[in-house]
Asks: 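Could you have a look at this structure, given as structure tokens, before my questions?
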Amino acid sequence: VQLQASGGGLVQAGGSLRLSCAASGRTFDTYGMGWFRQAPGKEREFVAASSRSGGITYYADSVKGRFTISRDNTKNTVYLQMNSLKPEDTAVYYCAAKRYGMVHITTPDYWGQGTQVTVSS
């Protein structure tokens with residue numbers, strides 16, 4: 001599986017962005033999907049996860065209520081809608097896939113290349 005993330009950019013605090021992650025192959029619905037981020041000088045951290053159907057989602061406390069993960073299995077794509085962005089959300093965002101699992105519980109099988117999100121104050 002190859003994952004291609006897009007949608008990052010520069011936004012002012014309080015603004016919104018939507019990230020997309022397109023997956024190759026025909027087995028997308030067998031993968032739990034999710035997003036992680038890594039800020040400069042910090043370790044990569046979990047942001048959001050979705051079950052294979054999209055019916056179950058999990059969020060880091062730092063983004064709960066502001067970010068929404070969703071997926072469209074007909075388009076092999078997972079999204080991260082980010083609202084009320086803060087400067088501390090600045091990071092490289094990575095999508096991840098875990099076959100028959102959840103990305104925040106066990107190590108993902110695949111990672112995307114990352115997309116930069118910068119939030120100015």
Side-chain angles (χ1 to χ4, degrees):
V1 172
Q2 290 186 325
L3 304 175
Q4 182 71 40
S6 61
L10 173 64
V11 63
Q12 288 188 333
S16 299
L17 281 175
R18 188 176 83 153
L19 306 183
S20 299
C21 176
S24 64
R26 293 178 287 181
T27 60
F28 183 70
D29 60 358
T30 67
Y31 287 87
M33 299 295 297
W35 293 90
F36 292 74
R37 67 186 181 187
Q38 187 167 19
K42 295 187 176 181
E43 293 187 352
R44 190 175 297 187
E45 64 175 4
F46 165 73
V47 175
S50 168
S51 63
R52 287 178 283 154
S53 68
I56 299 173
T57 57
Y58 293 92
Y59 298 92
D61 287 343
S62 59
V63 306
K64 205 170 292 183
R66 300 187 298 122
F67 290 10
T68 302
I69 187 171
S70 62
R71 62 190 293 163
D72 185 339
N73 286 351
T74 66
K75 296 182 179 179
N76 283 14
T77 302
V78 63
Y79 306 96
L80 185 67
Q81 178 67 45
M82 305 185 295
N83 298 329
S84 303
L85 282 161
K86 304 175 181 180
E88 51 263 43
D89 294 317
T90 295
V92 177
Y93 284 70
Y94 299 88
C95 59
K98 179 65 182 180
R99 195 156 198 203
Y100 298 122
M102 297 293 288
V103 298
H104 68 303
I105 295 177
T106 54
T107 302
D109 297 317
Y110 301 99
W111 294 91
Q113 87 287 3
T115 184
Q116 176 71 46
V117 171
T118 303
V119 185
S120 63
S121 57

Asks: The criterion is side chain to side chain donor-acceptor pair (under 3.5 Å); which residues satisfy it with Ser84, sequence neighbours excluded?
Replies: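 So Ser84 forms no side chain to side chain donor-acceptor pair (under 3.5 Å) with any residue.
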Asks: So, using side chain to side chain contact (heavy atoms under 4.5 Å, CB included) as the criterion, who are the partners of Asp29 when residues are at least two apart?
Replies: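 Testing Asp29 for side chain to side chain contact (heavy atoms under 4.5 Å, CB included), a comparison that skips the adjacent residues, returns Asn73.
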Asks: Do Thr118 side-chain atoms and Thr90 backbone N/O form a donor-acceptor pair below 3.5 Å?
Replies: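 Such a contact is absent between Thr118 side chain and Thr90 backbone.
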Asks: Return the set of residues passing ring pair (Phe, Tyr, Trp, His ring centres under 6.0 Å) with Phe36 (not counting sequence neighbours), or none when no residue passes.
Replies: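 Residues passing ring pair (Phe, Tyr, Trp, His ring centres under 6.0 Å) with Phe36: Phe46, Trp111.
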Asks: Between Ala91 and Gln116, which heavy-atom pair has the shortest distance, and what is it?
Replies: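 Shortest heavy-atom contact: O-NE2, 3.4 Å.
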Asks: Of the non-hydrogen atoms in Ser20 and Thr77, which two are nearest, and what is the gap between them?
Replies: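 That closest heavy-atom pairing would be CB-CG2, 4.3 Å.
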Asks: Donor-acceptor check, side chain of Lys86 to backbone of Gly14, threshold 3.5 angstrom: yes or no?
Replies: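 Flag not set: sc Lys86 to bb Gly14 has no pair under 3.5 Å.
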Asks: Within a radius of less than 6.0 Å around CD of Gln38, do more than 12 heavy atoms belonging to other residues, nucleotides or ligands occur?
Replies: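 Yes, enclosed.
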Asks: My understanding is that only residues two or more places apart in sequence, or in another chain, count here; which of them pass ring pair (Phe, Tyr, Trp, His ring centres under 6.0 Å) with Tyr58?
Replies: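 By the ring pair (Phe, Tyr, Trp, His ring centres under 6.0 Å) rule, Tyr58 matches His104.
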Asks: Hey, is the main chain of Ser51 close enough, under 3.5 Å, to the side chain of Arg71 for a donor-acceptor pair?
Replies: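 Yes.
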Asks: Suppose clustering is done on Ile, Leu, Val, Met, Phe, Trp and Tyr with side-chain heavy atoms closer than 4.5 Å. Which residues sit in the same group as Val1?
Replies: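 Reading the cluster by chain and number, Val1 sits alongside Leu3, Val11, Leu17, Leu19, Phe28, Tyr31, Met33, Trp35, Val47, Tyr59, Val63, Phe67, Ile69, Val78, Leu80, Met82, Leu85, Tyr93, Tyr110, Val117, Val119.
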Asks: List the atom of Ser16, the atom of Gln81, and the distance in Å for their closest heavy-atom pair.
Replies: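 Looks like CB-NE2, 3.9 Å.
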Asks: Only counting residues at least two apart or in another chain, list the ones meeting side chain to side chain donor-acceptor pair (under 3.5 Å) with Thr30.
Replies: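 Partners of Thr30 by the side chain to side chain donor-acceptor pair (under 3.5 Å) criterion, ordered by chain and then number, come out as Arg99.
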